[in-house]
Asker: 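This structure is in structure tokens; I'll ask about it shortly.
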Protein chains: 2
Amino acid sequence: MQYQEAKSKFIQAWGTLGSSWGINRAMAQIHALLLISDKPLSTDEIMVDLQISRGNANMNIRALIDWGIVNKELRAGERKEFFFADKDIWELARQVSRERQKRELAPILKVLGELDSIEGEDASAMEFKQVVKELKKFTGNVNGVLQKFSNSDEHWFYAVLMKLAK
Amino acid sequence: MQYQEAKSKFIQAWGTLGSSWGINRAMAQIHALLLISDKPLSTDEIMVDLQISRGNANMNIRALIDWGIVNKELRAGERKEFFFADKDIWELARQVSRERQKRELAPILKVLGELDSIEGEDASAMEFKQVVKELKKFTGNVNGVLQKFSNSDEHWFYAVLMKLAK
DNA sequence: AGTATATTTCAGAATATTTTGAAAATTCAA
DNA sequence: TTGAATTTTCAAAATATTCTGAAATATACT
């Protein structure tokens, strides 16, 4: 397979994967492009390569920086900014997990906490309490695992894998 | 807090959480409703409770059944179908993980496999190969963990948690 | 300050997704 | 069969999201 074909297949696939995880296509594709690029790219290069507008490119580059998975490089004597993605996939996974924990798990934990003490003793209320209780237990555990994961290194993860495998 | 208020807060929160995971709001809300209901509900009851149309209710109930997280109950002498969600949160998590593995991880693994042998020895091609290689390693590992998780029981998960904690 | 270059913003346009509701299809009992 | 009850389908409408492009803003050099 030719490089160009492989590249566009990969960018395409990454975009699709992103969509099903609540990340918009352009954002995922910019990330894919930076991930496989052997050097930092400017906004203009990204625009040309992915055929998207300046506004779109800019907004999504900022979002990626917000997520902490893309950084900018400033070059002495150059006005232009260049962007690059961290090549360490583990670091990427940890960062994404950290952000999603913050953006999604935290809010639901908060809501579950607020639902703590509902009134009523009838079947509906009892069932509700039970489900909320189980969900809290579950989300608490997930939270714990993510916490652990996002603060550990690749080596740790392999160790865990080994233990699981047995 | 009154039951009704708690119920609507919960349904609302579950809907929002669903959205950020690529599950549409109505689908997530129907699931939330069934999860906390102390008895199976008919399409009509769901329509009234969530204020959605028949078509919408029907489509999303089917989708939930497709995902394997909602089931129907048929009652002797009744035409109407009643729906209920599995109350076991662990079973729910396993099922969702199984489905996402099938729907999302499998396709990306397939693409990565196809990108195996790209031609070229220049910097771009080399970088590309390297990233694809790392991604394959990573997704392979994730796949392994999910596989393990989706075939194990709650007890196993706790055992893992204990090991991780140390 | 003036100028050229680059980045950001954002209203409107384009797309994509979700929802509705009524017609068509299905099911079951009489 | 027939027909009433129920489920399913799907075109059109409503809504939500994403994208564009040009104007506004910012930056750095002379």
Side-chain angles (χ1 to χ4, degrees), chain A residues 11-34 39-67 70-84 103-104, chain B residues 11-34 39-67 70-84 103-104:
Chain A
I11 290 174
Q12 168 65 35
W14 207 242
T16 303
L17 185 67
S19 304
S20 59
W21 285 80
I23 286 159
N24 84 50
R25 226 185 42 233
M27 185 169 159
Q29 291 188 337
I30 293 172
H31 183 252
L33 180 60
L34 294 176
K39 59 183 200 312
L41 302 178
S42 68
T43 300
D44 291 80
E45 287 169 310
I46 293 169
M47 287 167 59
V48 169
D49 211 319
L50 299 179
Q51 295 284 316
I52 60 177
S53 72
R54 184 173 302 283
N56 195 5
N58 184 268
M59 272 179 39
N60 285 299
I61 290 169
R62 295 309 132 192
L64 287 165
I65 291 176
D66 252 20
W67 271 76
V70 160
N71 290 96
K72 75 169 72 166
E73 176 185 284
L74 296 171
R75 292 178 189 168
E78 280 225 64
R79 287 283 314 282
K80 252 194 188 30
E81 296 175 332
F82 293 82
F83 306 96
F84 62 97
R103 292 167 197 231
E104 291 148 29
Chain B
I11 290 174
Q12 166 67 35
W14 207 241
T16 303
L17 186 66
S19 303
S20 59
W21 285 80
I23 286 158
N24 84 51
R25 225 184 43 234
M27 184 170 159
Q29 291 188 337
I30 293 171
H31 183 250
L33 180 60
L34 294 176
K39 60 182 199 313
L41 301 178
S42 68
T43 300
D44 290 80
E45 287 168 312
I46 293 169
M47 286 167 59
V48 169
D49 211 319
L50 299 179
Q51 295 284 314
I52 59 177
S53 72
R54 184 173 301 284
N56 195 6
N58 184 269
M59 273 181 38
N60 285 299
I61 290 167
R62 294 311 132 191
L64 286 164
I65 291 175
D66 253 19
W67 271 75
V70 160
N71 291 95
K72 75 171 70 166
E73 177 184 284
L74 295 172
R75 291 178 189 167
E78 281 225 62
R79 287 283 315 283
K80 253 195 189 22
E81 297 173 331
F82 294 82
F83 306 95
F84 63 97
R103 293 167 196 230
E104 290 147 28

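Every heavy atom of this structure was used, including side-chain atoms; hydrogens, water molecules and symmetry mates were not. Chain naming here is simple, since letters A, B, ... match the order of the sequence lines and numbering starts at 1 in each.
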Asker: Taking the minimum atom-to-atom distance to the side chain of I52(B), which one of dT20(C), dG21(D), dT8(C) wins?
Answerer: dT20(C)

Asker: Once you apply a heavy-atom cut-off of 4.0 Å, does N24(A) come out as touching a base, just sugar-phosphate, or nothing?
Answerer: sugar-phosphate

Asker: Can you measure M27(A) atom CE to dC19(D) atom P for me and round it to whole angstrom units?
Answerer: 12 Å

Asker: Quick check on DNA chain C: between M59(A) and F83(A), whose nearest nucleotide comes earlier from the 5' end?
Answerer: F83(A)

Asker: N58(B) CG to dT27(C) C1': how many Å, rounded?
Answerer: 15 Å

Asker: Closest approach to the side chain of R79(B), judged atom by atom: which nucleotide of dG21(C), dT27(C), dA28(D) is it?
Answerer: dT27(C)

Asker: Using atom CG of D44(B) as one end and atom C1' of dG21(C) as the other, report the distance to the nearest whole Å.
Answerer: 14 Å

Asker: Run the side-chain contact (heavy atoms from CB on, under 4.5 Å) test on T43(B) and F83(B) for me, step by step, so that the C-alpha distance in whole Å, both residues' side-chain angles and the decisive distance to 0.1 Å come before the verdict.
Answerer: CA-CA 8 Å; T43(B) 300; F83(B) 306 95; 3.5 Å; yes

Asker: Write down the distance between CG (N56(A)) and P (dT7(C)), rounded to a whole number of angstrom.
Answerer: 16 Å

Asker: For the pair W21(B) and W21(A), name the ring-plane relationship: parallel under 30°, tilted 30 to 60°, perpendicular over 60°.
Answerer: tilted

Asker: To the nearest Å, give me how far apart CD1 (I65(A)) and C1' (dT7(C)) are.
Answerer: 12 Å

Asker: Please pick, from dT8(D), dA5(D), dT19(C), the nucleotide with the shortest atom-to-atom distance to any side-chain atom of E81(B).
Answerer: dT8(D)

Asker: Between P on dT8(C) and CG on N60(A), what's the gap in Å once rounded to a whole number?
Answerer: 13 Å

Asker: To the nearest Å, give me how far apart CZ (F82(A)) and C1' (dA6(C)) are.
Answerer: 11 Å

Asker: So do I61(B) and L34(B) actually touch side chain to side chain, heavy atoms under 4.5 Å?
Answerer: no

Asker: Among dT19(C), dA6(C), dG21(D), which nucleotide has an atom closest to any side-chain atom of K80(A)?
Answerer: dA6(C)

Asker: Within a strict 4.5 Å, meaning less than it, do heavy atoms of the S42(B) and F82(B) side chains meet?
Answerer: yes

Asker: Can you measure Q51(A) atom CD to dT15(C) atom C1' for me and round it to whole angstrom units?
Answerer: 18 Å

Asker: Taking 4.0 angstrom as the limit, do E78(A) and K72(A) come out as a salt bridge?
Answerer: no

Asker: Considering only dT8(C), dT9(D), dC19(D), which nucleotide approaches the side chain of R62(A) most closely?
Answerer: dT8(C)

